[in-house]
> 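Pasting a structure here, questions to come.
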Protein chains: 2
Amino acid sequence: MQRIAPGSLLFSEGDDAHDVFEIVSGTLRLYKVLIDGRRQIIGFLSGGQLLGLAPRRQYVCTAEAVTPLTVRRYLRPAFERRIDEEPGLARRLLDALSNELRVAQDQMVLLGRKSAPEKVASFLLSLAADEHGGCEDRVDLPMGRGDIADYLGLTVETVSRTFTKLKNDGLIALPTPASVEILDLDQLEALAAGCADEEAWGRNGGSW
Amino acid sequence: MQRIAPGSLLFSEGDDAHDVFEIVSGTLRLYKVLIDGRRQIIGFLSGGQLLGLAPRRQYVCTAEAVTPLTVRRYLRPAFERRIDEEPGLARRLLDALSNELRVAQDQMVLLGRKSAPEKVASFLLSLAADEHGGCEDRVDLPMGRGDIADYLGLTVETVSRTFTKLKNDGLIALPTPASVEILDLDQLEALAAGCADEEAWGRNGGSW
DNA sequence: CGGACGCTTGAGGGTCTTCAAGGAATGTGG
DNA sequence: CCACATTCCTTGAAGACCCTCAAGCGTCCG
């Protein structure tokens, strides 16, 4: 069990992959950076998720705490021994990995083919689905606008403008910048799926 | 063993996932489509690769032959029994899956943070790396411009224009639209990595 | 020979980015 | 307790990049 402060690295891309981690509490970001500093966030991970699974010599992403973080650390050799010994474990890891792959594929559709409003809507709905433990239509954003931008392939400014637009159009409310209320779930889902009606979205049908 | 003609579907997104496939020869595309028809190609698969691995009830992508295709089909129950019986197999699948995940993550960086020339350069280099069996700096494109566009999150026209630009700048040659020669590997790699010098790329330093 | 299909090229417009500045919130030290 | 600094979020204006619409070109095949 290990506590990590926001902004601290769990590991960096290229580090020797000594350990497998399990997140106990908090949120972290996984990301890659290009040489000139452009950053793409691969995903946000939180409670219960494993990382560092990939059986490679080196980590392929950087893992950094977004919020105060608690993790459990497993040594890789011990972890790999358990895979071979516990028959059910390999299957569960296979399931976990292929689920991650499915999520990654949805993210590719988002990054390659969705507009800024569609991206933000999809993002909010995926967060809402994750924390259905909380209030129905209330989503907390542990990460800042910059993180959201680097996750959705946008800039900070565009993310901010898009939040404002969704708010002005009555789809969401923003009690604070870090807290979103979903006011019109149906329309948000239609937007995220890419079937928003042209009336409302095609040409500034909102409130600009 | 089964032969499939170009344009035919191996399976569709949402179909019951009865089988696991192994590609013997040829190339196929995996893709998802939004309701309004926008398509994102998740990847191109060819010789030796497995698909349909994900232990889910339904396929999450559509698989379609790009070229004439030969596949081996395994029934899922038999395949899953082998996973539990052969101790090494689960590990190899784990490796294969986590490798796919690594590729998917690189693709996210490409889709979210790279410019059109960077995307095309990265694409060509990944093809060149795959078929190092062939000639050194010669790449065959089994897929058309439309497929490349939907893979890179661009349009047909932008892909075509970018090929032309790379050609005019002397990085590649295009003996035919389906065959690329890499003339300046260093500069192509620099471009793909995102560290192209501003002199040449910042503002129409090429030949437009 | 004619049609279909895919690739290429051109012109114009839209979306998102870049550059810049103005608020709002948090934390610290006087 | 309040001034101040820092940081993040928001908003504005201008421009770049890519997309859309449209037409021309080449090749393959009937």
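Per chain, numbering begins at 1; letters A, B, ... match sequence-line order.
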> Grab the CD1-P distance between A/I148 and D/dC9 for me, whole Å please.
8 Å
> Can you run down the side-chain hydrogen bond (donor to acceptor under 3.5 Å, both in side chains) pairs that involve residues 34-50 of chain A, sequence neighbours left out, and say none if there aren't any?
A/D36-A/R38, A/R38-B/E118, A/R39-A/D147, A/R39-A/D150
> List in chain and number order the residues that pass side-chain hydrogen bond (donor to acceptor under 3.5 Å, both in side chains) with B/S98, two or more places apart in sequence or in another chain; answer none if no residue qualifies.
none
> Using heavy-atom distances to pick each residue's nearest nucleotide on DNA chain D, tell me which of A/R113 and A/G144 is more 5'.
A/G144
> Between B/A116 and A/L174, who's closer to the 5' end of DNA chain D by nearest nucleotide?
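Nearest-nucleotide comparison on DNA chain D picks A/L174.
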> Looking at every heavy atom in both B/V33 and B/E13, which two are closest together, and how far apart are they?
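Of all heavy-atom pairs spanning B/V33 and B/E13, the closest is N-OE1, 4.2 Å.
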> I'd like to know if the side chain of B/K114 reaches the main chain of B/G194, judged simply by a donor and an acceptor atom lying under 3.5 Å from each other, with no hydrogens or angles considered.
no
> List, with names and distances, any nitrogen or oxygen atoms from the protein found under 3.5 Å away from nitrogen or oxygen atoms belonging to nucleotides 11-14 of chain D.
residue: D/dT11; atom: OP2; partner: A/T164; partner atom: OG1; Å: 2.6
residue: D/dG12; atom: N7; partner: A/R161; partner atom: NH1; Å: 2.9
residue: D/dG12; atom: O6; partner: A/R161; partner atom: NH2; Å: 3.1
residue: D/dA13; atom: N6; partner: A/R161; partner atom: NH2; Å: 3.3

> End-to-end bend of the helix from C/dC1-D/dG30 to C/dG30-D/dC1 (five-pair axes, 10° rounding)?
30°
> List in chain and number order the residues that pass ring pair (Phe, Tyr, Trp, His ring centres under 6.0 Å) with B/F21, two or more places apart in sequence or in another chain; answer none if no residue qualifies.
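B/F11.
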> Figure out the NZ/C1' separation between A/K119 and C/dC16, and round it to whole Å.
9 Å
> Looking at residues at least two apart in the chain, or sitting in another chain, which of them share a side-chain hydrogen bond (donor to acceptor under 3.5 Å, both in side chains) with A/Q105?
none
> Using ring pair (Phe, Tyr, Trp, His ring centres under 6.0 Å) as the criterion, list what pairs up with B/F123, not counting sequence neighbours.
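Checked B/F123 against ring pair (Phe, Tyr, Trp, His ring centres under 6.0 Å); matches are B/Y151.
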> Output every pair passing side-chain hydrogen bond (donor to acceptor under 3.5 Å, both in side chains) with a member in residues 171-185 of chain B, not counting sequence neighbours, ordered by first then second residue.
B/R138-B/S179
> Before you tell me yes or no, could you show the steps for B/L30 and B/Y59 under side-chain contact (heavy atoms from CB on, under 4.5 Å), namely the whole-Å CA-CA distance, both residues' side-chain angles and the distance that decides it to 0.1 Å?
CA-CA 11 Å; B/L30 277 179; B/Y59 296 116; over 6 Å; no
> Name the atoms and distances for all side-chain donor-acceptor pairs under 3.5 Å in residues 2-9 of chain A, with sequence neighbours left out.
residue: A/Q2; atom: OE1; partner: A/R73; partner atom: NE; Å: 3.1
residue: A/Q2; atom: OE1; partner: A/R73; partner atom: NH2; Å: 3.2
residue: A/S8; atom: OG; partner: A/A5; partner atom: O; Å: 3.1

> To the nearest angstrom, how far is A/D150 atom CG from D/dC9 atom P?
12 Å
> Over how many whole Å does the gap from A/R38 atom CZ to D/dC17 atom C1' extend?
13 Å
> Base contacts versus sugar-phosphate-only contacts with protein, heavy atoms under 4.0 Å: please encode nucleotides 25-30 of chain D as B, S and - from 5' to 3'.
------
> Whole angstrom is fine here: how far is it from CG in B/L154 over to C1' in D/dT20?
14 Å
> Just the rounded figure in Å: distance from P of C/dT17 to NZ of B/K114.
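Between P of C/dT17 and NZ of B/K114: 18 Å.
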> Under 4.0 Å, counting only non-hydrogen atoms across every strand here, what does A/T176 touch: a base, just sugar-phosphate, or nothing?
nothing
> Figure out the NZ/P separation between A/K165 and D/dT10, and round it to whole Å.
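Checked: the NZ to P distance equals 16 Å.
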> Using a strict cut-off of less than 4.0 Å between a Lys/Arg side-chain nitrogen and an Asp/Glu carboxylate oxygen, indicate whether A/E80 and A/R76 qualify as a salt bridge.
yes
> Provide, to the nearest angstrom, the distance between the CG atom belonging to A/L166 and the P atom belonging to D/dT10.
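Going from CG in A/L166 over to P in D/dT10 covers 12 Å.
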> Atom CG of A/L183 and atom CG of A/D169: how far apart are they, to the nearest 0.5 Å?
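Spacing of CG (A/L183) from CG (A/D169) equals 11.5 Å.
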> Looking at residues at least two apart in the chain, or sitting in another chain, which of them share a side-chain hydrogen bond (donor to acceptor under 3.5 Å, both in side chains) with B/K119?
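B/K119 satisfies side-chain hydrogen bond (donor to acceptor under 3.5 Å, both in side chains) with no residue once adjacent residues are dropped.
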> When you compare the protein's N or O atoms with those of nucleotides 21-26 of chain C, which come within less than 3.5 Å of each other, and at what distance?
none

> Has B/K32 got a side-chain atom pairing as donor or acceptor with B/I42's backbone, closer than 3.5 angstrom?
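Checked: no pair found.
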